[in-house]
Amino acid sequence: MQGRGRVALVLGVGALLVGIGAALFYARAGLTLSHYDARAHLVVARRIIDSLTPGWQQVGAVWLPLPHLVNMLPVQVDLLYRTGASAVAISVLSTGVASWAIAALILRATGSRSGATAAVALFVLNPDVLYLQSTPMTEPLLFATTAASLALIADWIMRGAARWPHAAGGMLAAACLTRYEAWPITGCAVALSAAVLLRRGTLPGRAVVATIELASWPTLVIGLFLINSRWTVGAWFVSAGFFVPENTAALGHPLVAWHQVREGLYHVSGTGLVWSAYAGAALVVLTWIRSRERAPLALLLALAGAAALPWSAYMQGHPFRIRYDVPLVAACAALAGAGVSLLASRIRPLAATALIAVA
């Protein structure tokens, strides 16, 4: 078990080094703050303290607060504020944490180094992931908190789920305060936790109690956010008014909206990775049916819940944004790597190498 932990740590550090190199590359190209949201996140974090009316109300009620609160103090330094360096450091570190967590879960459930390596490589070598983690954008922190949540849930379940899941629940809460994609991911993670607990032989009553304990953390912080929204802008949840519903093709058409999500994913990941993820997901489900020990691997399916947000947004006429599909790259990478880990041991290295080359 200690050896597996070291492998996950090495993969996480490797991803961190790749992320640092990418951040330096994009900084030299002058692209760190090229996205208007990248600059806006810095402004929100800075104005909590440095503004005409400083205070918690400056966090607002549209963007979730954690990324701005984490960067609130560093951006009071002009150099870090004007360059975005502190926010980029958070993004790069988040990529390393996400890579470690995905690898740790796969290694804990299967012991496959090839599968863990494939998952991390497919994730961290994706150009879109590398660009976002080189900016002050909030997606990298989403990757870190959701992946770490799943790894901690798996560890909690494999230890018997006898105690309150403070670490796993707290990390889910952090994810739910980072980006809205985490909300459906959290719902899926809680449901899958119940399924994994039952598959591992936990009594139904105890599984229900354990699931409620896990869900209490994100439920609490979402409730607090809604109260803050009501207090700040007078609405429990701001779902309109911040975009023009110009996506008329998908407006009110779920199939068209789903096609747009799917099209965006193919553009940012490539066909090879998507279909490898489909195969990996099928193997993960089959393994949940056949093996109690490896059942926690099914938790990785929760990452696909990120698709719910752009799908819902497009149905409301939100403009198409290819960036909204990048969280699904993490899901595809994790599921493809999980699929590799479930193959026969003698072909795992070859399959991992071929998958990375194709993707």
Side-chain angles (χ1 to χ4, degrees), residues 16 19-20 23-24 26-27 31-98 101 131-149 166-167 169-183 185-186 217-218 220-238 242 309 323 326-327:
L16 181 65
I20 292 172
L24 293 173
Y26 286 114
L31 296 173
T32 301
L33 302 179
S34 61
H35 198 292
Y36 50 85
D37 278 359
R39 299 189 293 273
H41 287 305
L42 295 171
V43 171
V44 172
R46 172 92 171 208
R47 75 187 185 192
I48 298 173
I49 295 176
D50 182 11
S51 68
L52 295 176
T53 56
W56 57 268
Q57 296 94 335
Q58 292 292 345
V59 174
V62 176
W63 278 330
L64 290 165
L66 185 61
H68 308 125
L69 294 176
V70 171
N71 201 31
M72 175 180 63
L73 293 178
V75 293
Q76 303 309 313
V77 178
D78 276 352
L79 177 64
L80 301 181
Y81 173 65
R82 296 182 185 281
T83 63
S86 58
V88 171
I90 294 169
S91 295
V92 172
L93 181 62
S94 296
T95 301
V97 171
Y131 175 68
L132 284 180
Q133 68 95 60
S134 302
T135 71
M137 303 295 276
T138 56
E139 282 87 353
L141 190 58
L142 170 74
F143 302 152
T145 52
T146 52
S149 297
H166 295 297
M171 192 60 69
L172 278 177
C176 288
L177 291 176
T178 300
R179 283 185 64 88
Y180 292 108
E181 288 95 338
W183 293 17
I185 290 174
T186 295
W217 294 81
L220 175 62
V221 299
I222 290 175
L224 291 174
F225 173 76
L226 296 178
I227 292 172
N228 175 68
S229 177
R230 176 71 174 178
W231 186 279
T232 303
V233 300
W236 290 105
F237 183 75
V238 180
F242 56 91
L309 185 75
R323 175 168 60 89
V326 178

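- Contact record, T145 with S149: O-OG, 2.5 Å, taken as the closest heavy-atom pair.
- Residues that satisfy the salt bridge (Lys or Arg N to Asp or Glu O under 4.0 Å) test with R323, not counting sequence neighbours, are D37, E139.
- Of all the heavy atoms in S94 and A144, the pair that sits closest is O-CB, 3.3 Å.
- Tested against L69 for a side chain to side chain contact (heavy atoms under 4.5 Å, CB included), the candidates L177, L64, I48 yield a single pass: I48.
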### Task
Any chance you could lay out the side-chain contact (heavy atoms from CB on, under 4.5 Å) test for D50 and V75, step after step, and finish with the verdict?
CA-CA 10 Å; D50 182 11; V75 293; over 6 Å; no

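- Not counting sequence neighbours, the partners of E181 by the salt bridge (Lys or Arg N to Asp or Glu O under 4.0 Å) test are R179.
- Residues L172 and I185 are not in side-chain contact: their nearest non-hydrogen atoms beyond the backbone lie 4.5 Å or more apart.
- Not counting sequence neighbours, the partners of Y131 by the side-chain hydrogen bond (donor to acceptor under 3.5 Å, both in side chains) test are S34.
- Taking CG of L142 as the reference point, atom CE of M137 lies at 12.0 Å (rounded to 0.5 Å).
- The distance from atom CD1 of I90 to atom OG1 of T138, rounded to the nearest 0.5 Å, is 11.5 Å.
- A distance of 12.5 Å separates CD1 in I227 from CD1 in I222, rounded to the nearest 0.5 Å.
- Put simply, the side chain of F225 reaches to within 4.5 Å of the side chain of P65, judged on heavy atoms.
- Checked against side-chain contact (heavy atoms from CB on, under 4.5 Å), S134 has the following partners two or more places apart in sequence or in another chain: A22, A23, Y26.
- Of all the heavy atoms in A182 and A175, the pair that sits closest is CB-O, 3.1 Å.
- Using a 30° and 60° split on the angle between ring planes, H41 and W63 fall in the tilted class, from 30° to 60°.
- Going from atom CG of L220 over to atom SG of C176 covers 11.0 Å, rounded to the nearest 0.5 Å.
- For the pair L33/L42, a side-chain contact is recorded, criterion being any heavy-atom separation below 4.5 Å from C-beta on.
- Contact check for L66 versus L141: side-chain heavy atoms found under the 4.5 Å cut-off.
- Under the rule for a side-chain hydrogen bond (donor to acceptor under 3.5 Å, both in side chains), T32 has no partner lying at least two apart in sequence or in another chain.
- When V97, I20, L24 are each tested for a side chain to side chain contact (heavy atoms under 4.5 Å, CB included) with V92, only one passes: I20.
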Let me have the donor-acceptor pairs involving side chains of residues 77-86, under 3.5 Å, with sequence neighbours excluded, atom names and distances please.
from : atom 1 : to  : atom 2 : distance (Å)
D78  : OD1    : R46 : NH1    : 3.0
D78  : OD1    : R46 : NH2    : 2.9
T83  : OG1    : L79 : O      : 2.7
T83  : OG1    : A85 : N      : 3.2
S86  : OG     : N71 : OD1    : 2.8

### Query
Is there a side-chain contact (heavy atoms from CB on, under 4.5 Å) between M72 and I49 once you walk through the steps?
CA-CA 8 Å; M72 175 180 63; I49 295 176; 3.8 Å; yes

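- Remark: side-chain polar atoms of Q133 are paired, donor with acceptor, to backbone N or O of G19 under 3.5 angstrom.
- Remark: side-chain polar atoms of W217 are not paired, donor with acceptor, to backbone N or O of M171 under 3.5 angstrom.
- Looking at V326 and F143, their side chains come closer than 4.5 Å, going by heavy atoms from C-beta outward.
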